[in-house]
There are 2 protein chains.
Amino acid sequence: MRISALSAASGVSVPTIKYYLREGLLPQGQTTSQTQARYDDDHVARLRLIRALVDVAGLSLAQVRDVVTRLDDPPESWHDVLGIAHGAAVAGPTGVPITHVADARALLADLGWQVDEHTPALAQLQRATEALADAGLDVGPERLAVYARAAHAVAEADLDGLPRTSPAEAGRHVVLGTLLYEPLLLALRRLAHEDVSGARYGRARATPPRRSAR
Amino acid sequence: MRISALSAASGVSVPTIKYYLREGLLPQGQTTSQTQARYDDDHVARLRLIRALVDVAGLSLAQVRDVVTRLDDPPESWHDVLGIAHGAAVAGPTGVPITHVADARALLADLGWQVDEHTPALAQLQRATEALADAGLDVGPERLAVYARAAHAVAEADLDGLPRTSPAEAGRHVVLGTLLYEPLLLALRRLAHEDVSGARYGRARATPPRRSAR
């Protein structure tokens, strides 16, 4: 298909497609003349992936480039496949580096989890607990245990869901699954808040909650 | 304290503090002369909160403003307290609006959860499931059940952890807890991936996984 058809099929505008081509996020099409190229379904799939990573997972274009580069050249061992997803989006929105992860390591040791000491998610955990402490919210052991149990159950289901065809295909699922199931989990948590709150404090309400700032 | 001491206490630079003052994110200090004002511990706490919302929760400054405005004027009923957190960060990174949430509603009906039909998290759920489908990852009923059970357990722990002092104080906890526990949950999920993967596929590895894109 031509670029206009690719745009229609993917819902991504032609200027944006051209930008992704220039930035190397999207592979070049097959050149058919000096000014035209032909694209196929792989391009449609890649564009949908880019938009999902940007719109839903909230990655920057630099992070998207990192993810798709890894997807195009996945590692060959099953355990390393998981690593390719975890490097993405780990620096956080402002890319603040975390240099000490001692507390996070101690916390995982309490849980009995075994992870590589260089794994990027340790820095995420460190940053998350520090931010909670800074805001005056303590992560008590009971609450942490509930979170850890929930996260572990979800992770087991995630690994159960991996295709057993090849590390490359599994890698695609891991990268997309790691990033795209995150918004699902967060949305369900917020909805569960409302369900639990309604059951505890009463749900008699015909209109949405009053929003003082609107 | 003066603005320089406020900067030292909060770790936020003086120009950034002045920017937050101009933007109304931070209340003005008590004026002591034409060019000076005095700040207190509430300003330090507010600055830490703003940084946590930006750096950890990944909110834009406009979203931060919305959250702190709600915090300053919380609703009075316990159930509505939860709503003030759920309006934040719900539009997603690019603010793509979601106009149909029928699938998400059906999904919640299957789970037996009762939520307001206008609740913003329904749009989040809709967007998350659409993105997964677009990427070729189906949310099967088994996986969804695991996610829903995990989210519900976490939500119950979250509500157990709310202070019973006043709706205003609970509101602060709800807003911060909704946003700041999200990175904790996501970090734990990634670490659990690694723990589960190591247990299943072997964790003999002295170095971090090979990163093809680095």
Side-chain angles (χ1 to χ4, degrees), chain A residues 48 52 55-56 58 66 69-70 73 75 78-80 82-83 86 93-94 96 113-115 118 121 124-125 128 131-132 134-135 137 143 146-148 150-157 159 161 176 180 182-184 186-198 201 208-210 212-213, chain B residues 48-49 52 55-56 58 66 69-70 73 75 78-80 82-83 86 93-94 96 113-115 118 121 124-125 128 131-132 134-135 143 146-148 150-157 159 161 176 180 182-184 186-198 201 208-210 212-213:
Chain A
R48 287 212 181 114
D55 292 341
V56 182
D66 194 40
T69 307
R70 287 159 196 242
D73 180 18
W78 279 95
H79 185 54
D80 286 355
L82 274 170
H86 294 174
T94 56
V96 180
W113 293 6
Q114 291 188 41
V115 303
H118 300 292
Q124 277 188 301
L125 181 61
L132 283 162
D134 278 353
L137 305 182
R143 175 100 72 121
V146 173
Y147 269 71
H152 214 270
V154 159
E156 289 185 31
L159 265 81
L176 296 180
L180 296 182
E182 290 185 348
L184 178 74
L186 299 185
L188 286 170
R189 173 174 174 255
R190 292 185 180 207
L191 292 163
H193 279 155
E194 189 167 331
D195 183 59
V196 174
S197 167
Y201 305 118
R210 181 173 66 91
S212 53
Chain B
R48 288 214 180 110
L49 168 60
D55 292 340
V56 182
D66 194 39
T69 307
R70 287 160 195 242
D73 180 20
W78 281 94
H79 186 54
D80 286 355
L82 274 169
H86 293 174
T94 57
V96 179
W113 293 7
Q114 292 187 41
V115 303
H118 301 292
Q124 277 187 302
L125 181 62
L132 284 162
D134 278 353
R143 175 100 72 121
V146 173
Y147 270 70
H152 214 270
V154 159
E156 289 185 31
L159 266 79
L176 296 180
L180 295 182
E182 289 185 347
L184 178 75
L186 299 185
L188 286 171
R189 173 174 173 254
R190 291 185 180 206
L191 292 163
H193 280 155
E194 189 167 330
D195 183 60
V196 174
S197 167
Y201 304 119
R210 182 173 64 92
S212 53

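Treat the numbers as computed from the prediction; the structure is a model and nothing was measured. Proteins come first, then strands; the chains are lettered A, B, ... in the order of their sequence lines, and each starts at number 1.
Here the closest heavy-atom approach between residue B:Asp195 and residue A:Gln114 is recorded as OD1-N, 2.8 Å. The minimum heavy-atom distance between A:Val196 and B:Leu159, with the atom names listed, is CG1-CD2, 4.0 Å. When every heavy atom of B:Leu132 is checked against every heavy atom of A:Leu184, the shortest pair comes out as CD1-CD2, 4.2 Å. Of all heavy-atom pairs spanning B:Arg143 and A:Gly161, the tightest one is NH2-CA, 3.8 Å.
Contact of B:Leu49 with chain A is not made at all, since no heavy-atom distance falls under 4.5 Å.
Comparing A:Ala153, A:Ala151, A:Ala148 by how many heavy-atom pairs each has under 4.5 Å with chain B, the most go to A:Ala151. Per-residue counts of heavy-atom pairs under 4.5 Å with chain A were compared for B:Val146, B:Leu180, B:Leu188; the largest is that of B:Leu188.
Residues A:Arg189 and B:Gln124 are not in side-chain contact: their nearest non-hydrogen atoms beyond the backbone lie 4.5 Å or more apart.
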